[in-house]
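Chain naming here is simple, since letters A, B, ... match the order of the sequence lines and numbering starts at 1 in each. Keep in mind that the numbers below use all heavy atoms, side chains included, and drop hydrogens, waters and symmetry copies.
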Amino acid sequence: LTEPQPHFGSLNRREFLQRAGGGFGMLGLASLLGEQGLLAAPTAAPVHFSARAKSVIWLFMFGGPSAFDLFDYKPELQKNHGKKLEGKGEIKAFFGRPGPLMKSPFAFQRHGQSGAWVSELYPTVARHVDNLAFLKAVHCESNNHLPAMLQLSTGMTRVGFPSVGSWVTYGLGSENRDLPGFIVMHDHRAGPVGGAQNWGAGFLPGSFQGVPLRASGAPLLNLTPPGDLAWSRQRTQMELLRELNDRHLQAHPGEADLAARIASYEMAFRMQIKFPGMVDIAKEPPAIRKLYGVDREPTRHYGTQLLMARRLVQQGVRFIQVYSGGGGGNKDNWDAHDDLKTNHVDRCAETDVPIAGLLADLKQQGLLDSTLVIWGGEFGRLPVSQFDTGRDHNPHGFLMWMAGAGIKPGTSFGETDEVGYRAAQDPVTIPDVHATILHQLGMDHRRLTYDHNGRKYRLTDVSGEVIKKILA
Amino acid sequence: LLMLGSCGLVAAPDPALFRDRIAPLLTAQCLDCHGGRWTRSGFDVSTREALLRGGDEGVAVVPGNAKGSRFIQFLTHELSPGMPYKKDKLSAEEIALFARWIDAGAPFDGTLQPGTTEKTLTVTEADRQFWSFRKLQPVEPPAVKHPARVKTPVDNFILAAQEKRGLQPSPPADNRVLLRRLTFDLIGLPPAPAELDAFAANGTPESYSQEVTRLLASEHHGERWGRHWLDVARYADSNGYERDEDRPSAWHYRDFVINALNRDLPFHQFLRWQLAGDEYAPGNLDALAATGFCAAGPSDTFQKKEMNPRTRYDELDDMLSTTTLAVLGLNMNCARCHDHKNDPIPQRDYYRMLSVFLNAVPDEVFFPPPATQPEGHLADAAFKKAEAAVADWLSAKNTAHGTKYREDLEKKLSVSEWAELKALEKKRAASFTERQQYMRRLITESPDEPSVAHLLIRGEPRQPGEAMKPGFLAVLTTGAPDLERWQTARPADTKSSLRRRALAEWLTDLDNGAGNLTARVIVNRLWQHHFGVGLVATPNDFGLQGARPTHPELLEYLAGQLIAHGWRLKPLHRLIVESATYQQASAPVAASAALDPDNTLLWRQNSRRLEGEIIRDTMLAVAGTLNPKLFGPPVFPAMPRDAIATGSNVKWPLDAVDGPDTWRRSIYIFIRRSLTLPMVAAYDGPDAAASCGRRQETIVPAQALELLNGPFALEQARHFADRVRQDAGPDPAAQVRRAMALAWGRDPSPAEIDRATRFLTGQVRLLASEPPSKQRHEALVDFCRVLFNSNELIYLD
């Protein structure tokens, strides 16, 4: 099957790009214009300074993982097990009354040159601590899942704002014309609470919304012809359509939209042909599949998704959000209200090998230098117990880490207090996290703006500082 | 004299200490985050009272006891986070000064003013003279050099501007194009081929006018224009946020809108009911349903309001901001935290106006009908019984509600059990639908005394400032902008504050209120949907940052005409669509394009893409499957499982199948905030989180994939092919002619017929392994699907 060439009719390429908006299936606006010698033309959002990251993979641990059971060893918490938490003001638990301090049931060890503490739950990730930069004093504005997730995903706790991936693709587009710029993969059990509200484009053009990608079956909605429609029949349909549309365009010379729509069909057809292969992990050598845990349970699903993510990064996809945890039940995500031990043991068993595999693979393929990897949930968990063996939500101080793409490896920034209740030293806000992500992609968070309903909006609203201390 | 705490001996107060040392330190180091720009952790140092009250974590300053004051411990970094936040620690001397001051009882002198406070905005006479804020200007249609080109006074304005630039208007569109354009614009459906044929053959200015009359009278007119208004009203059938529960009776508002537009309810009346139907006509169910406008915003029901007071203020902001965006084209939201940066809207005006909604609570209410109509009571009883039956059955089987996936439940139950459950649920659904008829989503108010709004410092609910007198925007008001001027006396039997009614009166008051702007904004919306772009290109921003009108006098004229016609919209539609400007051909003309490439001066009609909903409606109409039923509860078309699975739980009926019940116009599809039908989402359907004045228009492969491979497109292509076979018989050329006439509204050329019949022959060959009867039919289906995808169907000339 020959591949149809892009066709722009009477429309020049710059007009076409402006109409098509640079999102789904579009080349990065800046790069394409550069290629065409058209950089003098106005662009949606020029790159503001040299970028370290080309792509972002955000490992979103939905439900809220516990910092001091994974990466933030707290001797005082271990020591004061069973005591009442005092002197911190009223603890605003999400459900009911908080119990006493509860030590981590997991053993911790130092790892790597950096000597970072990691619990026994993440033995494989622990081998990579020297690549990570821990942010140990992140705080957000809500102790309720969806508002906190919305803040992590869009900067605001309310619905209706563009997600980080939408802002990024609005600013930079995708590097690959045959792929969406912003891809979302959710847990095999279900999506996160709020569903598509977490990856919506808000008031940005809809082409910048996250595109859900499946780990099995047809990877994208409507990617394959329905039922028994053979490729040969669809190809002749496409040929007829192209002819009818060309005739129509000839009768409507100079109509940019008509030409753009013709081109969008050609992109769609190319995607049908190319996309399944692009994400097909069967093409990976067995050793690589093993590295991600694709060959076994319980890592098969997350491993598959992360391996697909790496393939997408190689193909130039800009922003990939991969959720661990879905659904509303505590057992299906990181929301360990009643049985922290089982919950975190299960989640870590699903994610440890895949995450470590991703880091190792990105590194060995030379992609880690240009790929920003982010790990974290919408908040953390309280140092006190809930229902005796669980932990409630904690937005006051929690942990995220970043790796790759100009992030200083083997570092740690910020501390919570001695028991991990509240950000104490070098606190980091969500706008700070967002500003840093945009910065690594070469964009100034104060200058990436969009006019809507009479107001200039930005991802970081009115605040945000790049976390310079974790930059290499 | 200072009132001190119970801490025994206290050092003698030294007023100079506060004035000379402490006040400057507090102002420079603390106030920005604690009582100035922000009030972090609820802690405010701007007054002694607030300082001693402490913050979210309790008392911070114990007068007379510096050692026991956490305030000092934060400064010394004994407590975290160390203060000042993210700044250098204060010097030992400075901390000692604070300790001395607290030991002295923390004396204060007045209120600290943040050094950074901007001057309060004052609205001036000059602000009131901005083009959109002033009174409507009397205008006469200008004289033109070629009066013969004028069909309605609209043309005088357009032609005069063109003549000044040396532009020629385009010739009239041909009759076929014209009727197709008119029909889509007024009712959102394609004209029948027979209608087109008749008008193409015999169309005259008079018969065109008759077509306008017919289409304006069509019951589908309200569906077409209702959808435009629902964009502005951020309407949806669910709450949004985490739970995103159904709003089972929200659709009564949608029906009110459709019905009001069909009846041509005067626009000021239309607005009055939407804002305050309950206060104008308390017993009238339609008026009550109209207040669904105020109640249509997203709502986070999971956030308990006492846990986060901001949630309630978000809800109030949604009501206020949507009202001003929709009616006035102004975004009040900017003034929630500070004076508006661009427009003359002081923060005070925001909170004065917020008073209007302070007692308004969105709710869903069952209205027991009068005893003479026992159906409602029976429906209520039947629903409760059916609901209990499902619950009882499930608990008897020891199966919880909300099982994660229905598939899991299905696996767990035996076939007969599953059938039993389905039957019970079907009954419940049916009775629920019955009962919805007697419910309304609306605004309720039940205060004993209307509440007083306070200006929130920096928009922070925990920082109430001065009490605000209810009022409106000063810049749009002649005289004092006090709400009481528009308020009617409150009858003894009403619980309502009648403030929303006062707002509605002010919004439509041409003499002293905002009525002039209200009229400009709505006529601009009409223009926009007839030309693709408004005279003001930013329909939701008529402020200083918004676009200026391309034809300011025409906008004044249209607004004036709206009022002259008693605020009725249909005469305005007629004025616009009967103009020569509207009826122009859309083909580009090189000479004109060179002078005005963006067609700002409308030397041609714009070519426009149909919206996602209208594409879907058109496919149904062309396939002959459209169920034209009006009104009623929303429908759930089949939704791909992959789309449903993106949510944390099932938010769409998994067993939904398409059929005549779902082949309704798209305005009747259930709008779930967290899950939009892919067909609508792909084609830039609006995000119902906020008022949308103008949809984005993107062209992306997801749209192509939807129409190429989506199950809806395939199914409708089959029906389309069935219809074509039935209408045209077995002859391929006749089939092609009929299919193209249905899809494009014109007869194909011989070359097109030839090309299409060759396609059919080719497809038959590719289907050689199928039985002959199937070969012919499948080939036709393939052809019909190509037509669904063609630009000629998707775009209007």
Side-chain angles (χ1 to χ4, degrees), chain A residues 19-21 23-25 89 144-146 158-160 186 190-197 200 202 205-207 212 214 221-226 232-233 236-237 240-241 243-245 248 252-255 257-258 260-261 264-265 267-268 271 326-329 417 422-424 427 453-455, chain B residues 56-58 80-81 240-242 298 302-303 314 325 331 334 404 540-541 543 545-546 587-588 593 607 609 640 642-643 645-649 674-675 678 681 684 687 689-690 696 698-706 708-711 714 755 759 762-763 766 782 785-786 789-792 795:
Chain A
R19 295 303 311 163
F24 191 168
N144 185 353
H145 289 291
L146 187 62
R158 285 171 292 140
V159 293
H186 64 72
V193 295
Q197 296 170 110
S207 49
R214 299 198 313 171
L221 195 62
N222 299 324
L223 188 65
T224 46
S232 55
R233 266 167 69 210
T236 47
Q237 283 183 305
L240 175 65
L241 178 64
E243 274 183 55
L244 297 179
N245 282 343
H248 183 250
H252 298 78
E255 291 288 4
D257 287 12
L258 300 180
R261 193 161 181 276
S264 77
Y265 271 78
M267 286 180 196
M271 273 177 64
D417 55 36
R422 187 182 283 276
N453 274 349
R455 205 181 140 184
Chain B
D56 295 348
E57 296 178 36
S80 61
Y241 288 95
E242 179 163 346
F302 200 45
Q303 292 257 48
D314 286 346
L325 280 167
N331 194 346
C334 302
K404 185 173 55 103
N540 274 11
D541 188 6
Q545 294 296 303
S607 151
R609 188 180 75 188
D642 285 350
T646 57
S648 61
N649 49 24
S674 62
L675 183 65
D684 306 297
D687 178 356
Q696 303 278 358
T698 64
I699 300 170
V700 292
Q703 297 159 351
L705 292 173
E706 183 64 39
L708 278 175
N709 296 339
L714 177 66
R755 176 64 184 90
F759 169 81
Q763 293 304 94
L766 293 171
D782 288 355
R785 199 134 53 97
V786 169
N789 282 277
S790 64
N791 280 352
E792 191 158 351
Y795 284 85

Taking every heavy-atom pair that is under 4.5 Å apart, which of B/Ser674, B/Ala593, B/Ala681 has the most such pairs with chain A? B/Ser674
For B/Asp782 and A/Gln237 the tightest heavy-atom approach is O-NE2, 2.8 Å
Rounding to 0.5 Å, atoms CD (A/Glu243) and CZ (B/Arg755) come to a distance of 4.0 Å
Where do A/Pro205 and B/Gln696 come nearest, in terms of heavy atoms and distance? CG-OE1, 3.5 Å
Side chains of B/Asn331 and A/Arg455 only: does a donor on one sit below 3.5 Å from an acceptor on the other? no
Heavy-atom pairs under 4.5 Å with chain A - which of B/Pro298, B/Ser607, B/Ala690 has more of them than the others? B/Ser607
Side-chain (B/Glu706) to main-chain (A/Asn222) donor-acceptor, under 3.5 angstrom: no
What I'd like to find out is whether the side chain of A/Leu223 reaches to under 4.5 Å of the side chain of B/Leu705, using heavy atoms alone. yes
Under 4.5 Å to a heavy atom of chain B? For A/Arg214 that would be side chain
Has A/Asn245 got a side-chain atom pairing as donor or acceptor with B/Asn791's backbone, closer than 3.5 angstrom? yes
Heavy atoms only: give me the nearest B/Asn789-A/Arg261 pair and the separation to one decimal. O-NH1, 2.8 Å
Please round to the nearest 0.5 Å and tell me the distance separating atom OH of B/Tyr795 and atom CG of A/Asp257. 4.5 Å
For each of A/Pro212, A/Gly200, A/Ser232, tally heavy-atom pairs with chain B at distances under 4.5 Å, and name the one with the top tally. A/Ser232
Indicate the atoms forming the closest heavy-atom contact of A/Asp417 with B/Ser80, along with that distance. CB-OG, 3.7 Å
At a heavy-atom separation under 4.5 Å, does B/Phe759 approach chain A through its side chain, its backbone, both, or neither? side chain
Contact class of B/Leu325 relative to chain A, heavy atoms under 4.5 angstrom: side chain
Shorter than 4.5 Å, heavy atoms on both sides: which option in A/Gly454, A/Ala196, A/Pro427 has the most such pairs with chain B? A/Pro427
At a 4.5 Å cut-off on heavy atoms, which part of B/Asp687 comes close to chain A: side chain, backbone, both, or neither? side chain
4.5 Å side-chain heavy-atom contact, B/Glu792 and A/Leu244: no
Straight-line distance of B/Ile699 CD1 to A/Ser207 OG, nearest 0.5 Å: 10.0 Å
B/Gly647 to A/Ala190 - nearest heavy-atom pair and separation: O-CB, 3.7 Å
Do you know which two heavy atoms are closest between A/Gly160 and B/Ala689, and how far apart they sit? CA-CB, 3.4 Å
